[in-house]
Amino acid sequence: MRWEGNRESDNVEDRRSGGGGGFIGGRSIGIGTIVVALIGWGVFGINPLTTIGVLSGGGAPQVQQGPAQRPPQGDREAAFVSTVLASTEDVWAQVFQQGGAQYRQPKLVLYRGATPTACGTGQSAMGPFYCPGDQKVYLDMDFFDTMSRQLGAPGEFARAYVIAHEVGHHVQTLLGTTGKVDGMRGRVSQREQNALSVRLELQADCYAGIWAHHSQQAKNWLEQGDIESAVNAAEQIGDDALQRQQTGTVRPDAFTHGSSAQRVRWFTQGFNTGSVQGCNTFNAQSL
């Protein structure tokens, strides 16, 4: 992925040094813990984002916030994240404009260990996540090491896919999809809630594919093997793959993010069509 030299977003907040975000927790969580949390999605049907109230907009912790800090000059990893975020801003601004609407850009927060959010305390063990309460994406970049070393999903474009997926959740918030799904909470069974969660996550995968489609048209920055690395990442974090890794068995009724095949299918759908209408997972008869 030829990303160097492209525009970097100004919407990146750096809390990794403990400043600018009211760092809390005091103890960094090892990247191995992230794998445990990921496996927990599939094995127990527990979505760690739900735990901190991400979809329901749970109460924010009472912390003293400092001024937001920008990533330091010369930080290549932060520059990569900022460049990918800038590309999502460009793509979604164009898509929304074509639909007669205005895109509101999300913030992306880099942190280590734990950080306050409008949805509760975010922790690195949850992996990257989006909080609709403050419209921010939260990323502990140790997760990228986990992807490469423990989940078998290396590559810069695989990392870009993860960022684009979380931005996809922001798009869902702007379009009202997240609010509709959240409105069903407590009105349906846990199995039905899991099924809604799967459709929400697969749609975010499809939106990540839309970003890849349009960014490639605009920049021609993908290299051989980039799409394959994103597809591989989708395969490695499918619910069935995580369940099988932990227990050797698969429980589809406990899926919260979709199977490997489903995640690949919907990312590919977005990439091939570049169409929001083509990402309506909630009307799809078959996922």
Side-chain angles (χ1 to χ4, degrees), residues 1 3 8-25 28-35 37-38 41 47-49 51-52 54-55 68-72 75-89 92 105-151 153-173 201 204-205 207-208 211 229-230 233-234 236-237 257:
M1 181 178 179
W3 59 271
E8 296 182 27
S9 174
D10 293 327
N11 290 313
V12 177
E13 178 182 342
D14 194 349
R15 301 182 185 175
R16 291 173 294 172
S17 65
F23 177 82
I24 58 178
S28 178
I29 297 173
I31 61 175
T33 308
I34 300 174
V35 178
L38 288 170
W41 293 351
N47 187 338
L49 305 190
T51 303
I52 64 169
V54 167
L55 294 181
Q69 296 182 0
R70 296 288 306 279
D75 186 330
R76 192 173 188 275
E77 287 190 333
F80 171 76
V81 171
S82 298
T83 301
V84 172
L85 182 64
S87 176
T88 67
E89 293 167 351
W92 286 111
Q105 298 174 353
K107 298 282 187 179
L108 190 150
V109 178
L110 302 176
Y111 74 99
R112 285 195 180 99
T115 193
T117 82
C119 302
T121 301
Q123 297 185 6
S124 60
M126 299 165 184
F129 63 92
Y130 171 75
C131 173
D134 54 24
Q135 297 191 5
K136 293 182 178 180
V137 173
Y138 290 87
L139 172 63
D140 184 329
M141 287 198 292
D142 282 348
F143 180 75
F144 290 155
D145 289 331
T146 300
M147 286 179 60
S148 179
R149 298 176 185 175
Q150 297 182 255
L151 296 179
E156 286 183 332
F157 197 70
R159 300 180 177 190
Y161 152 71
V162 169
I163 297 168
H165 172 94
E166 298 306 331
V167 172
H169 284 309
H170 176 65
V171 173
Q172 290 172 320
T173 296
E201 294 294 336
D205 280 333
Y207 286 169
W211 162 75
S229 72
Q236 298 304 322
I237 59 177
H257 285 63

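Every value quoted in this text rests on a predicted model; they were computed, and no experiment measured them.
- To the nearest 0.5 Å, the span separating NE2 on His169 from CD on Gln135 amounts to 14.0 Å.
- Neither side chain, His170 nor Gln105, offers a donor N or O lying under 3.5 Å from an acceptor on the other.
- Residues Leu110 and Met141 form a side-chain contact, since some pair of their non-hydrogen atoms from C-beta on lies under 4.5 Å apart.
- Looking at heavy atoms from C-beta onward, Ile163 lies out of side-chain contact with Val137 at the 4.5 angstrom threshold.
- Residues Val81 and Pro71 have side chains not in contact (no heavy-atom distance under 4.5 Å, counting atoms from C-beta outward).
- A 4.5 Å side-chain heavy-atom check between Tyr130 and Thr173 finds at least one atom pair inside the cut-off.
- Rounded to the nearest 0.5 angstrom, Leu108 CG and Asn11 CG are separated by 9.0 Å.
- Between Lys107 and Asp134 no salt bridge is recorded (no basic side-chain N to carboxylate O distance below 4.0 Å).
- To the nearest 0.5 Å, atoms CG (Leu139) and CZ (Phe129) are separated by 10.0 Å.
- When side chains are defined from C-beta on, Tyr111 does not count as touching Thr117, because their heavy atoms never get closer than 4.5 Å.
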Q: Go through the steps for Trp211 and Tyr161 under the test ring-ring contact (aromatic ring centres under 6.0 Å, His included), then give the verdict.
A: CA-CA 9 Å; Trp211 162 75; Tyr161 152 71; 9.3 Å; no
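- Results of the salt bridge (Lys or Arg N to Asp or Glu O under 4.0 Å) test with Arg16 over Asp140, Asp75, Asp142 single out Asp75 as the only residue that passes.
- Contact check on Lys136 versus Glu13 returns a salt bridge, with a Lys/Arg side-chain nitrogen under 4.0 Å from an Asp/Glu carboxylate oxygen.
- Using cut-offs of 30° and 60° for the angle between ring planes, the Trp3 and Phe80 rings count as perpendicular.
- For the atom pair CE of Met1 and CD of Glu156, the computed distance is 7.5 Å after rounding to the nearest 0.5 Å.
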